[in-house]
Structure formats: structure tokens, C-alpha cells
K.L.:
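Take this structure, written in C-alpha cells, and hold onto it; I'll ask about it next.
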Amino acid sequence: MAVSEALAPVAIKAPLVANPDLFTAKPSLIGLTREMMADALKEKGVPEKQVRMRVSQLWHWLYIRGVSDFDAMTNVAKDMREMLKQHFTIARPEIVEEQISNDGTRKWLLRFPPRGAGRPVEIETVYIPEEGRGTLCISSQVGCSLTCSFCHTGTQRLVRNLTAEEILAQLLLARDRLGDFPGTDTPPGAFVPTGERKVTNIVMMGMGEPLYNFESVKTALLIATDGDGLSLSRRRVTLSTSGVVPEIYRTGEEIGVMLAISLHAVRDELRDMLVPINKKYPLKELIEACRNYPGLSNARRITFEYVMLKDVNDSLEDAKALIQLLKGVPAKINLIPFNPWPGTNYQCSDWAQIEKFADFINQAGYASPIRTPRGRDILAACGQLKSESERMRKTERLAFEAMMIAGHGEDDD
């Protein structure tokens with residue numbers, strides 16, 4: 001890792017300039033499949049015989065070169081660029097705030113258009129640099145509907161799903177900010193892995209439950225892993241679910257990425273409390289879905305996430321039951337020291353207890369790394385992400401939108 005001297009936590013606030021695209025957004029070309037992009041171009045009058053070539057050009061500029069301005073597409077004719085600017089956008093989301101932890105973790109608070117929520121919405125994206133790899137934690141929803149009792153994100157009600165464009169935009173923006181596109185430089189003092197790529201891995205572990213937004217997540221991840229574009233290996237993309245059983249098989253069959261299960265308990269009565277979706281899809285159904293995950297093997301194991309909660313789920317009896325539960329499933333068990341957040345009633349297990357728990361699992365033949373807490377000082381660690389976005393009541397939403405549209409184009413004093 002290229003590490004300068006340790007930094008104190010830093011928060012960089014972008015100027016909150018009114019962004020007219022938040023309410024009058026042109027459709028974005030980002031997040032469209034090749035077929036959808038072709039249809040969009042044909043609808044705007046691009047001749048049929050040119051469409052395939054134009055899609056190829058756009059794909060290259062968007063996902064290999066990482067441009068966010070049509071004028072940077074130097075091999076596209078000027079009249080074509082003008083047409084694209086008139087009808088489409090490829091702009092990045094607004095950065096409301098960028099925070100840099102003293103361990104090099106970065107967290108961005110990003111703002112997107114309302115799209116039914118009344119006012120513009122905000123989500124958080126986190127970049128975690130390590131030696132030899134850089135992991136981007138991406139959000140799939142604004143808020144979350146699952147209300148897991150130990151998770152800060154779960155205290156924010158679901159506002160809306162993110163679109164494929166908004167999911168993919170988190171990756172594009174992170175690569176912008178880290179100098180991870182060709183011909184760009186890494187910001188001075190940034191903590192990044194050595195090697196060609198700054199973002200080597202994606203985890204769908206940010207705000208929201210990815211499998212409750214399946215189609216948008218699928219589209220975004222297929223573009224992210226497309227060999228002619230962003231070209232991330234599917235083995236370096238992990239989707240984490242709390243256990244939406246009907247969509248687990250589809251994830252393996254249609255997306256083909258690595259799977260992580262947010263487990264956290266080995267008995268239904270406890271998991272019902274910690275992860276309430278368990279009431280709908282209990283452990284027996286969840287583990288059966290894992291056994292049938294397409295491509296499952298010792299080389300393509302499922303990761304089971306297990307947050308360590310003091311005197312709740314951290315006994316050696318729990319460890320024994322965990323081994324029994326996962327018997328025969330190629331698995332890795334990530335032990336996550338609980339990351340506190342304001343208002344929580346849970347405490348992190350004592351470190352000695354976490355190590356005993358890990359040793360027992362390791363002796364049973366399962367890899368059981370203890371996840372090093374990262375970004376705690378900027379609330380960027382696992383289970384700490386949350387934004388202030390809330391869905392407005394319909395009457396408030398209509399009034400707010402009318403006010404914003406009426407003020408569109410006025411000069412700020």
C-alpha cells in the first residue's frame with residue numbers, strides 16, 4: 001500500500017450548489033445494457049447502420065476511459081456529441097461530503113435525483129484500501145427495509161431502490177476520485193494498493209438489501225464485470241444478502257458473482273430478533289439455498305458473515321452449532337467485531353472471546369478470519385452506514401417539487 005504519514009480523520013464538504021439535473025434529469029447512458037443503449041440512440045435518430053459502432057464507441061469512453069463529459073469523446077463527430085449532450089447525460093452524482101479515515105478508508109456521501117422520493121436522496125459508498133487490493137463497498141438502496149437490530153443502516157427506513165445507473169455510478173465516481181482510469185493520477189497522500197488498479201474488488205454490502213433490488217443490481221454488476229469495459233473479475237465481486245432465499249439461486253445463475261450471507265445467529269429464535277427476515281426464510285431454507293448455489297465448490301466458497309455481539313451470539317456453544325449448521329457447505333466464516341453506533345444497545349464481544357471463537361472454527365476446518373475494523377472513526381465500518389434521506393409524504397413531496405421546479409433557473413444571490 002502506498003502510505004504517506006498517518007492522517008487524522010478529514011471531512012471535505014463539496015459546495016452544495018443547486019444541481020438542476022436533480023429534478024430535470026435527462027436520461028443517463030450509464031447503466032444501460034448495450035441493447036438498451038442501441039434502442040436509445042435509434043430513438044434519437046441515429047441511423048441503424050451506425051448504431052452498433054456508436055454503442056461500441058460510447059462503451060469504450062464510459063467504461064474504459066471513464067469520461068463524464070461528451071466533449072472528451074474525441075473520436076465522435078461534433079454533431080453526434082451535440083446530439084448526445086442535448087438528449088442524454090453521463091454526469092457523476094453530486095458529492096455532498098468526502099471523509100477520509102486515519103486508516104485510509106474513504107467514505108463518500110452522494111446525492112441522486114428524487115425519482116419518487118420527493119427530494120433528492122443521499123447514500124454512502126466506502127473504499128477500503130489494503131495491501132494488494134482495494135475494496136469498494138457499494139449501496140443498492142436508499143435506506144433499508146430489513147431492520148436488523150444491530151445495524152445502523154436498518155434504523156433508516158427504505159426510501160427507494162437505486163437504479164442500475166446509480167449503483168454503477170458509485171464505482172465510476174470512486175475510480176475518478178482515486179485516479180483509477182487511464183491517464184489520471186492518484187490524489188496526493190491517498191492510501192491505495194500497489195499495482196495497476198486502485199479498485200480491485202466490489203462488495204454489495206453498503207446500504208440496502210441487494211436482492212430486494214435484483215434487476216438493477218444484476219444490470220449494474222453485469223456491466224461492471226463486462227470484459228470489454230470495466231472488466232472486474234466475477235470472483236472479485238461479492239453480493240451480500242440477509243437471506244432473500246428465492247433470489248439466491250438466480251444470483252448465481254444470472255449474475256455469477258460470489259455470495260455472502262449475513263448470518264449472525266445459528267438458532268432461529270435469535271436470528272428472528274437480529275435479522276428479522278429469518279421469520280420469512282428460516283435457517284433451514286437459507287442453508288438449503290446455499291447448498292444449491294450455482295458453481296459452489298471449494299474454490300468458490302460462500303462467505304458467512306457473523307457479527308460478534310457480547311453475550312448474545314459469541315459462546316463456544318454458538319461456535320459448535322455454527323459448524324453443525326454449515327456442515328457440507330464449502331464456506332468461509334468472516335467474524336466481524338461489532339461496530340458501535342449512536343443509540344445501539346449492543347456491545348462488541350471481548351477480543352479474547354472472538355479469538356477463542358475463531359480458533360474453534362479454524363480447528364473444525366473452516367477459514368475464519370477476524371475482520372479488522374476499518375473506518376470506525378468516520379462511521380464507515382460494517383453496519384454503520386446511514387444517510388439522512390427520508391421519504392416525504394405525498395402532499396409534502398408534490399409541494400416541494402413544485403417549489404423546486406418554480407425556482408429552476410433562478411440566480412442564487
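Hydrogens, waters and symmetry mates play no part in the numbers below; they use all other heavy atoms, side chains included.
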K.L.:
How many angstroms lie between atom CG of Leu84 and atom CD of Gln57, to the nearest 0.5 angstrom?
P.N.:
9.5 Å

K.L.:
Counting only N and O atoms by type, is there a donor-acceptor contact under 3.5 Å from the side chain of Asn313 to the main-chain atoms of Val307?
P.N.:
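Yes; at least one donor-acceptor contact below 3.5 Å.
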
K.L.:
Give a yes or no on this: more than 12 heavy atoms of other residues, nucleotides or ligands lie within 6.0 Å of atom CD of Glu269.
P.N.:
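Correct, the count exceeds 12.
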
K.L.:
Search all heavy atoms of Leu230 against all heavy atoms of Ala224 and return the closest pair with its distance.
P.N.:
CB-O, 3.5 Å

K.L.:
Would Lys280 and Glu285 pass as an ion pair if we require N to O under 4.0 Å?
P.N.:
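No, this pair does not count.
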
K.L.:
Is the distance between the ring centroids of Tyr306 and Phe357 less than 6.0 Å?
P.N.:
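Yes, ring centres under 6.0 Å apart.
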
K.L.:
Tell me the closest heavy-atom pair linking Val245 and Tyr281, and the distance in Å.
P.N.:
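Smallest heavy-atom distance, with atoms named: CG2-CB, 3.5 Å.
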
K.L.:
State whether the side chain of Asn213 and the backbone N or O of Gln141 hold a donor-acceptor pair below 3.5 Å, judged by distance alone.
P.N.:
no

K.L.:
Look at the side chain of Asp318 and the backbone N and O of Ser315, then say whether any donor-acceptor pair between them is shorter than 3.5 Å.
P.N.:
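Yes; judged by distance alone, with no hydrogens or angles, the pair exists.
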
K.L.:
I want to check something: taking the side chain as every heavy atom from C-beta on, are Arg106 and Leu178 in contact at a cut-off of under 4.5 Å?
P.N.:
yes

K.L.:
Excluding sequence neighbours, so at least two apart, what forms side-chain contact (heavy atoms from CB on, under 4.5 Å) with Arg300?
P.N.:
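Arg235, Met258, Ser297.
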
K.L.:
Would you sort out whether Ile261 and Ile248 count as a side chain to side chain contact (heavy atoms under 4.5 Å, CB included), showing the intermediate values?
P.N.:
CA-CA 10 Å; Ile261 301 294; Ile248 287 177; 4.2 Å; yes

K.L.:
Does the pair Asp268/Lys284 count as a salt bridge with the N-to-O cut at 4.0 Å?
P.N.:
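So Asp268 does not pair with Lys284 through a salt bridge.
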
K.L.:
Indicate yes or no: at least one non-hydrogen side-chain atom of Asp176 is less than 4.5 angstrom from one of Thr184.
P.N.:
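Answer no - side chains too far apart.
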
K.L.:
Is there a donor-acceptor pair under 3.5 Å between the side chain of Ser56 and the backbone N or O of Arg52?
P.N.:
no

K.L.:
Provide the closest heavy-atom pair for Ala77 versus Arg54 in the form atom of the first, atom of the second, distance.
P.N.:
N-NH1, 4.4 Å

K.L.:
Side chains of Ile95 and Leu110: does their closest heavy-atom pair fall under 4.5 Å?
P.N.:
yes

K.L.:
Under a 4.0 Å N-O cut-off, is there an ion pair linking Lys356 with Asp314?
P.N.:
no

K.L.:
Find out whether the Lys NZ or Arg CZ of Arg175 is both under 6.0 angstrom from the six-membered ring centre of Phe181 and within 45° of the ring's axis.
P.N.:
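Judged by the rule, Arg175 and Phe181 form a cation-pi pair.
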
K.L.:
Verify, without hydrogens or angle tests, whether Arg133 (side chain) and Pro193 (backbone) share a donor-acceptor contact under 3.5 angstrom.
P.N.:
no

K.L.:
What verdict does the side chain to side chain contact (heavy atoms under 4.5 Å, CB included) test give for Leu58 and Met73, after you've listed the backbone C-alpha separation in whole Å, the side-chain angles of each residue and the deciding distance to 0.1 Å?
P.N.:
CA-CA 8 Å; Leu58 289 168; Met73 299 180 177; 3.6 Å; yes

K.L.:
Please report the C-alpha distance between Tyr366 and Leu326 in whole Å, then the side-chain angles of each, then the deciding distance to 0.1 Å, and finally whether the side chain to side chain contact (heavy atoms under 4.5 Å, CB included) criterion is met.
P.N.:
CA-CA 10 Å; Tyr366 289 93; Leu326 302 184; 4.0 Å; yes

K.L.:
Answer whether the closest heavy-atom distance between the side chains of Met308 and Ile370 falls below 4.5 Å.
P.N.:
no

K.L.:
Go through it in stages, so that I can follow the logic: the residues are Met83 and Met80, the test is side chain to side chain contact (heavy atoms under 4.5 Å, CB included), and I'd like the CA-CA distance, side-chain angles, deciding distance and then a yes or no.
P.N.:
CA-CA 5 Å; Met83 184 279 289; Met80 180 70 179; 3.8 Å; yes

K.L.:
Measure the CD-CZ distance between Glu122 and Arg111 for me, rounded to the nearest 0.5 Å.
P.N.:
4.5 Å

K.L.:
Do Trp351 and Pro337 come close enough that some side-chain heavy atom pair is under 4.5 Å?
P.N.:
yes

K.L.:
What's the shortest heavy-atom distance between Ala367 and Arg301, and which atoms?
P.N.:
CB-NH1, 3.8 Å

K.L.:
Ignoring hydrogens, what is the shortest heavy-atom contact between Leu232 and Val199? Give both atom names and the distance.
P.N.:
CD2-O, 4.0 Å

K.L.:
Kindly compute the distance separating CG (Leu211) from OG1 (Thr241), expressed to the nearest 0.5 Å.
P.N.:
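The CG atom of Leu211 sits 4.0 Å away from the OG1 atom of Thr241.
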
K.L.:
Quick one, Leu239 and Ser140 - any side-chain contact, counting heavy atoms below 4.5 Å?
P.N.:
no

K.L.:
Can you tell me how far apart CD (Glu130) and CZ (Phe191) are? Round to the nearest 0.5 Å.
P.N.:
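Atom-to-atom, Glu130:CD and Phe191:CZ are 13.5 Å apart.
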
K.L.:
Would you check if the side chain of Asp103 reaches a backbone N or O of Thr105 as a donor-acceptor pair within less than 3.5 Å?
P.N.:
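At least one qualifying donor-acceptor pair exists.
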
K.L.:
Does any non-hydrogen side-chain atom of Glu166 lie less than 4.5 Å from one of Val142?
P.N.:
no

K.L.:
Locate the shortest heavy-atom distance separating Phe304 from Leu263; write the atom from each residue and the value.
P.N.:
CD2-CD2, 4.0 Å

K.L.:
Could you check whether Arg250 pairs with Glu253 (Lys NZ or Arg NE/NH1/NH2 to Asp/Glu carboxylate O, under 4.0 Å)?
P.N.:
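No salt bridge links Arg250 with Glu253.
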
K.L.:
So, does Ser139 use its side chain to make a donor-acceptor pair with the main chain of Thr125 at under 3.5 Å?
P.N.:
no

K.L.:
Measure the OG-CD distance between Ser240 and Glu209 for me, rounded to the nearest 0.5 Å.
P.N.:
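Reported to 0.5 Å precision, the distance equals 7.5 Å.
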
K.L.:
For the residue pair Tyr346 and Phe338, does the interplanar ring angle fall in the parallel (under 30°), tilted (30 to 60°) or perpendicular (over 60°) class?
P.N.:
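Plane angle over 60°, so perpendicular.
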
K.L.:
Would you say that Leu162 contacts Ser216 through its side chain, given a criterion of any heavy-atom pair below 4.5 Å between the two side chains?
P.N.:
no

K.L.:
Mind checking the CD-NZ spacing from Glu254 to Lys218? Nearest 0.5 Å is all I need.
P.N.:
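So the gap between those two atoms works out to 4.0 Å.
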
K.L.:
Under a 3.5 Å distance rule, please check whether Ser68 uses its side chain to pair with a backbone N or O of Ala91 as donor and acceptor.
P.N.:
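No, the answer is negative, given that no donor and acceptor are paired below the 3.5 Å cut-off.
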
